[in-house]
Amino acid sequence: MNAPIFQNVGIIGLGPMGCGLAQNLIKHGIDVKAWEQSPDVCNSVSHYFRENVLASSLNDLVASLSHPRCILL
């Protein structure tokens, strides 16, 4: 199996699609850092992820990604 191109991926938006995508990437061994604007959505999906997946801000999300950065909107 080939190694993934990106060591980690950032996801902005954790609605149904973003949450499912993040879970799938994690399941396949990709480190994910995600950010969601809505505190209500963050609270409702936080139980799906380990503590260090959710970024506290966009700056935190970008700073946590290695180069080349891959961010999915």
Side-chain angles (χ1 to χ4, degrees):
M1 183 172 152
N2 293 337
I5 295 171
F6 296 100
Q7 294 177 5
N8 49 30
V9 173
I11 297 178
I12 297 176
L14 287 173
M17 184 183 284
C19 187
L21 182 60
Q23 289 175 325
N24 195 3
L25 288 169
I26 291 168
K27 183 173 110 177
H28 286 90
I30 304 291
D31 289 327
V32 172
K33 191 74 166 186
W35 179 78
E36 170 59 48
Q37 181 178 4
S38 168
D40 293 335
V41 173
C42 256
N43 291 333
S44 70
V45 299
S46 63
H47 65 278
Y48 291 121
F49 306 111
R50 60 187 192 276
E51 190 174 313
N52 61 347
V53 170
L54 297 176
S56 59
S57 67
L58 284 174
N59 288 336
D60 178 34
L61 172 80
V62 173
S64 69
L65 299 174
S66 58
H67 292 273
R69 293 183 179 115
C70 176
I71 301 176
L72 303 173
L73 305 173

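All residue numbers refer to positions in the sequence shown, counting from 1. All of these numbers come straight from a predicted model, not from anything done at the bench.
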Task: Pairs flagged by side chain to side chain donor-acceptor pair (under 3.5 Å) wherever residues 12-24 is involved - sequence neighbours left out - done: N24-H28
The criterion is side chain to side chain contact (heavy atoms under 4.5 Å, CB included); which residues satisfy it with [X], sequence neighbours excluded?
X: S64; result: K33
X: I26; result: V32, F49, R50, V53
X: S66; result: Q7, N8
X: C70; result: F6, V9, L72

Open item on the list: Applying a strict under-4.5 Å side-chain criterion to I, L, V, M, F, W and Y, I'd like to know whether V45 and M17 cluster together.
Closed with: no
Task: Minimal non-hydrogen separation, A55 against W35, with atom names - done: O-CD1, 3.4 Å
Task: Heavy-atom pair with the smallest gap, counting every atom of I11 and G13 - done: CG2-O, 3.5 Å
TODO: Calculate, to the nearest 0.5 Å, the distance between atoms CG and CD belonging to L61 and E36 respectively.
DONE: 12.0 Å
TODO: Output the distance between atom CG (L65) and atom CD1 (I71), rounded to the nearest 0.5 Å.
DONE: 5.5 Å
